[in-house]
Amino acid sequence: MNVMQQMQETLKSEIKQAVLAAELASEAEMPAIVLEQPKDKAHGDYATNIAMQLARIAKKAPRQIAEDIVAQLNQTTGSIKSVDIAGPGFINFFIDNQYLTKLIPTILEQKEEYGSSDTGKGEKIQIEFVSANPTGDLHLGHARGASVGDSMCNILAKAGYNVSREYYINDAGNQINNLALSVQARYMQALGKEQSMPEDGYHGADIIGIAETLAKEYGEQLLEKSDQEQQAFFREYGLKFELDKLAKDLEQFRVTFDHWFSETSLYEENKITPAIELLREKGYIYEEDGATWFRSTDFGDDKDRVLVKQDGSYTYLSPDIAYHKNKLDRGFDKLINIWGADHHGYIPRMHAAIQALGYDADTLEVEIIQMVNLFENGEKVKMSKRTGKAVTLRELMEEVGIDAMRYFFVMRSADSHLDFDMDLAKSQSNDNPVYYVQYAHARICTMLKQAGEKGIDFADYEASLLQSEKAEELMKKLGEFTQVIADAAINRTPHRITQYIFDLSANLHSFYNAEKVINEDNVEATKARLALMEAVRITLANGMKLIGVNAPQSM
RNA sequence: GUCCCAGUAGCUCAGCAGGAUAGAGCAACAGCCUUCUAAGCUGUGGGUCGCAGGUUCGAAUCCUGCCUGGGACGCCA
């Protein structure tokens, strides 16, 4: 807890004591004390609506209640400068913000650790994200999922959760057979032979690339194998190629995983049938029309779901249930799946499965990432995985740059559709918000460097010299960082981090324009300002790291 | 037909475990570089928070219905 949070806690407990002392409510009736930061400075540094909340309990007019509270308030603690009653009954607190200067040594000392908290209390959370089929290139939607997922992991870890990142490899279904057939067809074509693509084949350029490599390396050798052997070969080769490429692209995108979990392993280790049998023992399974059904309607699903088809093969749901059972068996307190919006209809049956396995529905949390629309030259770019003409993650990284992409994909709330404006993301201009933030960081680096060149060492500084309004605003913003991360973690809203670093950057730029940091005629004040700058730099860098954006020394 | 998401300034979006005069960026307009990077700053204008009810001292925020846009509703994955 930093000084700002301590300050707020002190204030809350003072308010509570005053309410009790005024006999307005008993301990049991006491509502949660809400402190907010008013938008208007005339309403003080903090305000509470407690008087309105108590109106019904105390059966008095809010303004009268507010007066009773203020009369009982111990104003000598908590740096309270003055207290006002305003509006319908708000109590406004004006604080002596000198206490904020204590933040600076804290931040300089904690460095990369600043912003951490134990909010999560070590809760074991597994986050599964991306999990794109290894049948082609990652596209725009995956890129958003990867950005949001990775940022969420970083944020939760920083807020004290024990996070495990996982990628589920769909390497067992029909799509992999199609992959093998597609590679085979392209291989034949590469050898100059007439061969049409399978009906649900993958038309991406990457498949053509695989085939050309194979044609070059093996010539017509592979045709000597039996059709079955060829299938197996193309399947394995294609899968390995696609997986390596996925991992490499994601790593370049600054997204890594603790575990890559193979669907095939569920088959190989015979995990699926036992999972179904477990549900059968619990009475959630029945046979009908030659198929095996899961009675998911017991848990609010629209209809029951088939687990084993008439032909004896599993539906997709079966390995998924086995997979989630496996996750739970690994001892996670909570599972978070990050899915594209097109899979949201799958949520009720998955929640049903979790409950049928004997867990609370909210043990599994599904975060839905809404669709991304790509705009170029003011026009919407149509995407199609079938024709392979979708814009890929790799192309975007080359064309747009990773920093801008990572920033853009988390800057909106995940449940809003995102319009990705290529021209804006590419533009090296002040229209591009990622530069605004990076520029703030680079500006500070320049100042620190120049101070160093002038021989100014701010190891010993007196933070209390920071008394200007702009400096105070900056420090206030710095103090919010830990709580912002905690809120972003609890609410699973990584976009709050982009908002925060944008706001902090705005404060920095404003400060920069209002005050000259390095003034050799006043070395003591200069040192204090340099320490503040370093604190801002650390906080900005920590924030950018959470969303996978680089913090440049210069621009 | 059922379900999910969205509808807030000209545009793109925050705000939504209820709070005071609803915010930001872009666009428009007016200013600020002999001074640490102007990729910056300062200011102005701009809103029936989709519509209609309801709950409340108080609703953009919660509830109900409706309208519009997007998506999902397979013994596909």
Side-chain angles (χ1 to χ4, degrees), chain A residues 32 34 36 38-40 42-43 47-49 52-53 55-56 61-62 86-90 92 133 135 170 172-176 178 200 263 288-293 301-303 305-317 319-320 340-348 366 368-371 373 375 411-419 421 424 427-440 442-451 453-454 490-491 493 495-496 498-499 502-503 505-506 508-519 526 529-530 533 554-555:
Chain A
V34 177
E36 60 174 37
K39 296 157 199 149
D40 188 340
H43 296 138
T48 181
N49 62 353
M52 276 96 86
Q53 291 191 303
R56 203 172 314 162
F90 287 100
N92 296 331
N133 289 345
T135 53
N170 294 107
N174 281 329
Q175 74 278 6
I176 300 301
N178 279 328
D200 295 316
E263 181 185 1
E288 197 174 289
D289 300 332
T292 302
W293 293 75
D301 195 8
D302 285 349
K303 44 190 157 193
R305 307 291 171 178
V306 172
L307 294 181
V308 185
K309 295 183 250 179
Q310 280 180 337
D311 67 4
S313 63
Y314 296 124
T315 61
Y316 185 69
L317 184 57
D320 241 16
D342 52 344
H343 285 81
H344 83 261
Y346 205 71
I347 298 173
V366 181
I368 290 299
I369 310 290
Q370 287 296 332
M371 299 184 44
N373 290 315
F375 284 80
M411 92 179 153
R412 304 295 181 215
S413 86
D415 50 18
S416 279
H417 295 194
L418 178 72
D419 289 337
D421 184 336
L424 176 58
S427 75
Q428 309 240 331
S429 76
N430 52 359
D431 299 350
N432 194 334
V434 68
Y435 291 113
Y436 185 82
V437 172
Q438 291 185 314
Y439 184 48
R443 255 188 165 167
I444 295 171
C445 290
T446 303
M447 287 187 274
L448 295 172
K449 188 166 159 244
Q450 291 193 6
E453 284 164 359
K454 289 182 200 293
I490 291 166
N491 298 312
T493 48
H495 72 278
R496 298 221 28 199
T498 54
Q499 278 179 288
F502 189 89
D503 289 347
S505 299
L508 182 277
H509 289 308
S510 180
F511 172 85
Y512 180 93
N513 275 274
E515 295 187 32
K516 188 131 169 39
V517 170
I518 299 170
N519 177 0
T526 296
R529 283 189 294 257
L530 286 169
M533 290 300 98
S554 65
M555 286 174 76

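Per chain, numbering begins at 1; letters A, B, ... match sequence-line order. Computation of the quantities below employed the complete heavy-atom set of this structure, encompassing side-chain atoms and omitting hydrogens, waters and symmetry-equivalent molecules.
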Checklist entry - On RNA chain B, nearest-nucleotide positions of A:Y346 versus A:A55: which is more 5'? => result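 The 5'-side residue here is A:A55.
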Checklist entry - Considering heavy-atom distances to RNA chain B, does A:Q310 or A:A341 have its closest nucleotide positioned more toward the 5' end? => result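 Of the two residues, A:A341 wins.
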Checklist entry - Run the side chain to side chain contact (heavy atoms under 4.5 Å, CB included) check on A:Y346 and A:D320 step by step: do they pass? => result CA-CA 11 Å; A:Y346 205 71; A:D320 241 16; 3.3 Å; yes
Whole-Å [atom1] distance, [N] and [M]:
N: B:G10; M: B:G46; atom1: P; answer: 11 Å
N: B:A17; M: B:C13; atom1: C1'; answer: 23 Å
N: B:C32; M: B:G19; atom1: C1'; answer: 38 Å
N: B:C73; M: B:U56; atom1: C1'; answer: 38 Å
N: B:C5; M: B:C16; atom1: C1'; answer: 15 Å
N: B:G47; M: B:C11; atom1: C1'; answer: 14 Å
N: B:C3; M: B:G43; atom1: C1'; answer: 49 Å
N: B:G1; M: B:G65; atom1: P; answer: 14 Å

Counting only side-chain N and O atoms of [X], is one of them less than 4.0 Å from OP1 or OP2 of [N]?
X: A:K309; N: B:A77; answer: yes
X: A:K454; N: B:C36; answer: no
X: A:H509; N: B:A38; answer: no
X: A:Y436; N: B:C41; answer: yes

Next on the checklist: If the condition is salt bridge (charged side-chain N to carboxylate O under 4.0 Å, His left out), which residues does A:D415 pass it with, not counting sequence neighbours?
Outcome noted: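 Testing A:D415 for salt bridge (charged side-chain N to carboxylate O under 4.0 Å, His left out), a comparison that skips the adjacent residues, returns none.
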[X] [atom1] - [N] [atom2] separation (whole Å):
X: A:E36; N: B:A20; atom1: CD; atom2: P; result: 7 Å
X: A:D421; N: B:G25; atom1: CG; atom2: P; result: 18 Å
X: A:L424; N: B:C13; atom1: CG; atom2: P; result: 12 Å

Run the side-chain contact (heavy atoms from CB on, under 4.5 Å) test against [X] and tell me which residues pass, sequence neighbours left out.
X: A:H495; result: A:S413, A:T493, A:T498, A:Q499
X: A:D301; result: A:S296, A:R305, A:P348, A:R349
X: A:Y512; result: A:R443, A:M447
X: A:A442; result: A:M555

Who passes side chain to side chain donor-acceptor pair (under 3.5 Å) against [X], sequence neighbours left out?
X: A:T526; value: none
X: A:D311; value: A:S313
X: A:H343; value: none

Can you tell me which nucleotide in [options] comes closest to the side chain of [X]?
X: A:M52; options: B:C75, B:G40, B:G19; answer: B:G19
X: A:D419; options: B:U12, B:C36, B:G19; answer: B:U12
X: A:H43; options: B:C75, B:A20, B:G19; answer: B:A20
X: A:Q53; options: B:A77, B:G71, B:G19; answer: B:G19
X: A:H495; options: B:C75, B:G19, B:G15; answer: B:G15
X: A:K303; options: B:C73, B:A20, B:C36; answer: B:C73
X: A:D289; options: B:C75, B:A24, B:A38; answer: B:C75

How is [X] classified with respect to the nucleic acid when contacts are heavy atoms under 4.0 Å: base, sugar-phosphate, or nothing?
X: A:N491; value: nothing
X: A:A86; value: base
X: A:M371; value: sugar-phosphate
X: A:A61; value: nothing

Between N or O atoms, less than 3.5 Å apart, protein on one side and nucleotides 42-46 of chain B on the other: list the pairs.
from, atom 1, to, atom 2, distance (Å)
B:U42, OP1, A:S510, OG, 3.0

Side chains of [X] and [Y]: closer than 4.5 Å at any heavy-atom pair?
X: A:F375; Y: A:L424; answer: no
X: A:D200; Y: A:N174; answer: no
X: A:L508; Y: A:M533; answer: yes

Checklist entry - Just wondering, do A:F90 and B:A20 stack (centres under 5.5 Å, planes under 30°)? => result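 Stacking between A:F90 and B:A20: present.
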Item to check | Aromatic ring of A:H343 stacked on base six-ring of B:A72, 5.5 Å, 30° | outcome: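 No, the aromatic ring of A:H343 does not stack with the base.
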Checklist entry - Is B:C33 syn or is it anti, if syn means the base angle is within 90 degrees of 0? => result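 Syn.
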Checklist entry - Under 6.0 Å from the NZ atom of A:K309, do we count more than 12 heavy atoms belonging to anything else shown? => result yes
Below 3.5 Å is the cut-off: list the nitrogen or oxygen pairs between protein and nucleotides 3-6 of chain B, distance only.
from, atom 1, to, atom 2, distance (Å)
B:C5, O2', A:D415, O, 2.5

Next on the checklist: Among residues at least two apart in sequence or on other chains, which ones pass ring-ring contact (aromatic ring centres under 6.0 Å, His included) with A:H509?
Outcome noted: A:Y436, A:Y439
Checklist entry - How does RNA chain B look in dot-bracket form if you count Watson-Crick and G-U pairs under 3.5 Å, write [ ] for pairs that cross, and put | where a base pairs with another strand? => result (((((((..((((.....[...)))).(((((.......))))).....(((((..]....))))))))))))....
